[in-house]
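Worksheet for the structure shown next.
In what follows, chains carry the letters A, B, and so on, assigned in the order in which the sequence lines appear, proteins first and then strands, with residues in each chain numbered from 1. Excluded from the calculations below are hydrogen atoms, water molecules and symmetry mates; all remaining heavy atoms, backbone and side chain alike, are included.
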10 protein chains.
Amino acid sequence: MLFKVEMTVNIPKDLPTAEADAIKLKEKNYSQELQEAGIWVHLWRVVGQYSNVSIFDVRDNAHLHEVLTGLPLYPFMKMNVVALCQHPSSIK
Amino acid sequence: MLFKVEMTVNIPKDLPTAEADAIKLKEKNYSQELQEAGIWVHLWRVVGQYSNVSIFDVRDNAHLHEVLTGLPLYPFMKMNVVALCQHPSSIK
Amino acid sequence: MLFKVEMTVNIPKDLPTAEADAIKLKEKNYSQELQEAGIWVHLWRVVGQYSNVSIFDVRDNAHLHEVLTGLPLYPFMKMNVVALCQHPSSIK
Amino acid sequence: MLFKVEMTVNIPKDLPTAEADAIKLKEKNYSQELQEAGIWVHLWRVVGQYSNVSIFDVRDNAHLHEVLTGLPLYPFMKMNVVALCQHPSSIK
Amino acid sequence: MLFKVEMTVNIPKDLPTAEADAIKLKEKNYSQELQEAGIWVHLWRVVGQYSNVSIFDVRDNAHLHEVLTGLPLYPFMKMNVVALCQHPSSIK
Amino acid sequence: MLFKVEMTVNIPKDLPTAEADAIKLKEKNYSQELQEAGIWVHLWRVVGQYSNVSIFDVRDNAHLHEVLTGLPLYPFMKMNVVALCQHPSSIK
Amino acid sequence: MLFKVEMTVNIPKDLPTAEADAIKLKEKNYSQELQEAGIWVHLWRVVGQYSNVSIFDVRDNAHLHEVLTGLPLYPFMKMNVVALCQHPSSIK
Amino acid sequence: MLFKVEMTVNIPKDLPTAEADAIKLKEKNYSQELQEAGIWVHLWRVVGQYSNVSIFDVRDNAHLHEVLTGLPLYPFMKMNVVALCQHPSSIK
Amino acid sequence: MLFKVEMTVNIPKDLPTAEADAIKLKEKNYSQELQEAGIWVHLWRVVGQYSNVSIFDVRDNAHLHEVLTGLPLYPFMKMNVVALCQHPSSIK
Amino acid sequence: MLFKVEMTVNIPKDLPTAEADAIKLKEKNYSQELQEAGIWVHLWRVVGQYSNVSIFDVRDNAHLHEVLTGLPLYPFMKMNVVALCQHPSSIK
């Protein structure tokens, strides 16, 4: 079941760089595990923004919530979640 | 080069059904040709809306404009275009 | 799987009354079948508005899309869809 | 008398964790007492957000205000309150 | 129980004047009956707008909905409803 | 001459409680003097918000500005000011 | 007593030109009478828009409402009204 | 050449009062020099707000930018700039 | 003196094609004369939209208003006008 | 390939002036190198704002992202990116 999620990151300027870097590294690992598991199926950077456009393939709403709130950067993110489904003209 | 495009269709209620159906059929064919050509790389329906979320892979901005304005439903659509690029955490 | 859906109805003033009434009757029947089937689990009127707040319990996103676009009043509605899940403080 | 209330929590990052945890625990207890009393009749988490969608059944406006401003997390919440009533198509 | 209701009227320009005048007269009578009954407790015109700011004193949400949707101009109005209660500094 | 004023209070969390309480007490006294003088003619709490809906009866614009900027909580308030006048359907 | 009023005109495209011209001429005369009377004290065109920025000097709110709703183009205008007063740094 | 400029001042609460007062005094002097020079031709206070509505008469865009960014309170202001010109109905 | 102007065209669907084409041709000619005269210094299409981003170099505000309202498509356009000036980092 | 980028700078008031000045100097140099390289093809100041309107000519989306995120002031900027293409009426 697919969802489009758009995330915008806003790390407070007073967070120590070392701490911020540690969180970003965890975020990268977490993200790549989910990608390899086929859950975070697409991940693109928005040009000029500290934002991404993502597509998640999850079992259900609860699964998506668990995945999103588990993001190490979650406390510094704004999220926008949109439920998707098959488009009648899609050839996939 | 990737772009996210979100399209919302609003066909006027006074357009004759036959005419609307003809346009929708052309739209479907046009869309599927672009999908098969690897230009319209993703196409999802937004749940509960006459809207889609699409990803286009085009040569450049002009190519995207040509593809979008060529849509048979273009005169009845609102479009939102966002430039994308590689995300540093993406495994693709 | 639960979704909150808010629907606002806007029937064009030039739709003949008989036609509007027929659609509203179909809407009522459709809505009550879905309620009896346990799919449309809550339906409230917003005070002062031709709008409702609804909770749907569906199998997945595609199921919700099918249910919503099947509404007889769908062509005259604006929809807002929000995915819900279990709240950790809920006793249900 | 029913109201939909949507609450978004934003706990300041400089609130000590122990203090935040104590408030959240009080919030949970307060919420569950109101649920058991049949006042806070529904409580759902919004997917991907630190937000909820709630339905309250209260005696009157003053009662709702008392209940909401009594929330331990109230100082950190944004609230949106919408008055509801019986929908003519509801089977309940 | 008090509510602030703000109403903006937008009568379509193609509604025949006689019909519009008949509706406005009904509206005036309806409004004055509710004022005399102590239900529509305040009614002010917004300067420069075809809008009003109103205070209603109703038994409950359902009563307010019945009163508002009974307005002869209701099909041509946008409404904004806000629940009010006693202010701790009010001397009334 | 009547104005609707909506005020939303946002006291910074780092203001010492004693200081905040002193300001709130002054605010209450100031408000009640204006109510007794027939200047602040209505004052309601918005349900679930630290906001009010107020009606002021002032000599002129300058008088309203003097009254509003004299509020002890003024530095912590957002204000929305709307000029009102007699409604043709009002029975008052 | 001063108010800033911003008006945006939107004449429906199906209004016959002769009728539109007659209304615009009345509007001009009405506007100039009010300017000569010292009531419509400033009137500027917004560059690129069918909009104006105006300053009115009126006896009270009711006077402003009477003046604005008397505009021949009033049925085709959106209005934004802001109450002004003496600025402490103004030398006038 | 005329421009409408609307300025809203937001002085941070942690700016020492003496410093704030010194800036405000400079602002007043600067403003009055520009008024006397016929550059800042109108200056009104918005009722209930720490905002003004101003009309500037400048040589060109660059002149306006120089004047506005020279305001002692500029770092604490939000600005909205609108280009104006002669209105065909204006008698001035 | 430079201005950025963004124009969005919305030609009503009931305008006869021949009439629309005639207006568009006039628009093109008008636009190219202004470009050749060094007044309309840049003109770009926004990808996916019937909109443009333009830079005008005009004598003053009145000149810009005359140029914009002279556009054959002006009655079908929304305009957004922003005054520009030399940027201190620009090498031009 | 052209993009319009609008940047608004908001340097935190607690950033030491020397540090801010150093960043601004780097920004100026970086900007001028890109201008000389024909990548940052236009750069204008918005009158009255700490904002600019810029036109970039880049190889592709990734190139634009690299250029924008490399701005020394990037952490203090809000960006708005719009893809442009040839306008059919442009004479260039």
Side-chain angles (χ1 to χ4, degrees), chain G residues 1-9 20-21 23-58 60-61 64 67 70-74 77 80-92, chain H residues 1-9 20-21 23-58 60-61 64 67 70-74 77 80-92:
Chain G
M1 216 173 68
L2 298 176
F3 287 88
K4 181 192 72 165
V5 181
E6 303 195 354
M7 309 175 197
T8 298
V9 184
D21 287 349
I23 297 174
K24 286 181 200 170
L25 181 59
K26 278 192 205 164
E27 177 83 14
K28 187 168 195 168
N29 293 338
Y30 180 88
S31 158
Q32 295 190 338
E33 284 165 26
L34 288 163
Q35 289 177 67
E36 277 151 14
I39 290 166
W40 196 330
V41 289
H42 296 291
L43 169 58
W44 298 286
R45 173 64 79 211
V46 178
V47 170
Q49 314 289 345
Y50 195 176
S51 303
N52 69 63
V53 172
S54 293
I55 306 292
F56 286 88
D57 187 355
V58 291
D60 54 20
N61 289 351
L64 181 61
V67 162
L71 287 162
L73 281 171
Y74 182 76
M77 280 173 161
N80 183 276
V81 174
V82 171
L84 302 176
C85 60
Q86 175 74 13
H87 192 286
S89 298
S90 172
I91 61 175
K92 292 191 185 171
Chain H
M1 215 175 66
L2 298 176
F3 288 87
K4 182 192 72 165
V5 182
E6 304 196 354
M7 309 174 196
T8 297
V9 184
D21 287 349
I23 297 173
K24 287 180 200 169
L25 182 58
K26 277 191 206 164
E27 176 84 13
K28 186 170 194 168
N29 293 337
Y30 180 87
S31 158
Q32 295 191 337
E33 284 165 24
L34 287 164
Q35 290 177 67
E36 279 153 13
I39 291 166
W40 196 329
V41 289
H42 297 289
L43 169 58
W44 298 287
R45 174 62 82 212
V46 178
V47 169
Q49 313 292 345
Y50 195 176
S51 304
N52 68 63
V53 172
S54 293
I55 305 292
F56 286 87
D57 187 355
V58 290
D60 55 20
N61 289 352
L64 181 61
V67 161
L71 287 162
L73 281 170
Y74 182 76
M77 281 174 162
N80 183 276
V81 174
V82 171
L84 302 176
C85 61
Q86 176 74 12
H87 191 287
S89 298
S90 174
I91 61 175
K92 291 189 187 173

Please report the closest heavy-atom contact between Pro88(H) and Gln32(G), naming both atoms and the distance. O-NE2, 4.4 Å
Exam field: side chain Gln35(G) to backbone Lys92(H), donor-acceptor pair closer than 3.5 Å: no
Distance from His42(H) atom NE2 to His87(G) atom NE2, nearest 0.5 Å? 14.5 Å
Atom group of Gln49(H) that falls short of 4.5 Å from chain G, counting heavy atoms: neither
Could you look at Ser31(H) and say if it's the side chain, the backbone, both or neither that has a heavy atom under 4.5 Å from chain G? side chain
Heavy-atom distance under 4.5 Å to chain G: side chain of Lys4(H), backbone, both or neither? side chain
Rounded distance [0.5 Å steps], OH in Tyr30(H) versus OG in Ser89(G): 13.0 Å
Any chance you could measure Ile91(G), atom CD1, to Lys28(H), atom NZ, to the nearest 0.5 Å? 12.0 Å
I'd like to know which of Val47(H), Asn52(H), Val82(H) tops the heavy-atom pair count under 4.5 Å against chain G. Val47(H)
Ranked by heavy-atom pairs below 4.5 Å to chain H, first place among Lys24(G), Glu6(G), Glu27(G) goes to Glu6(G)
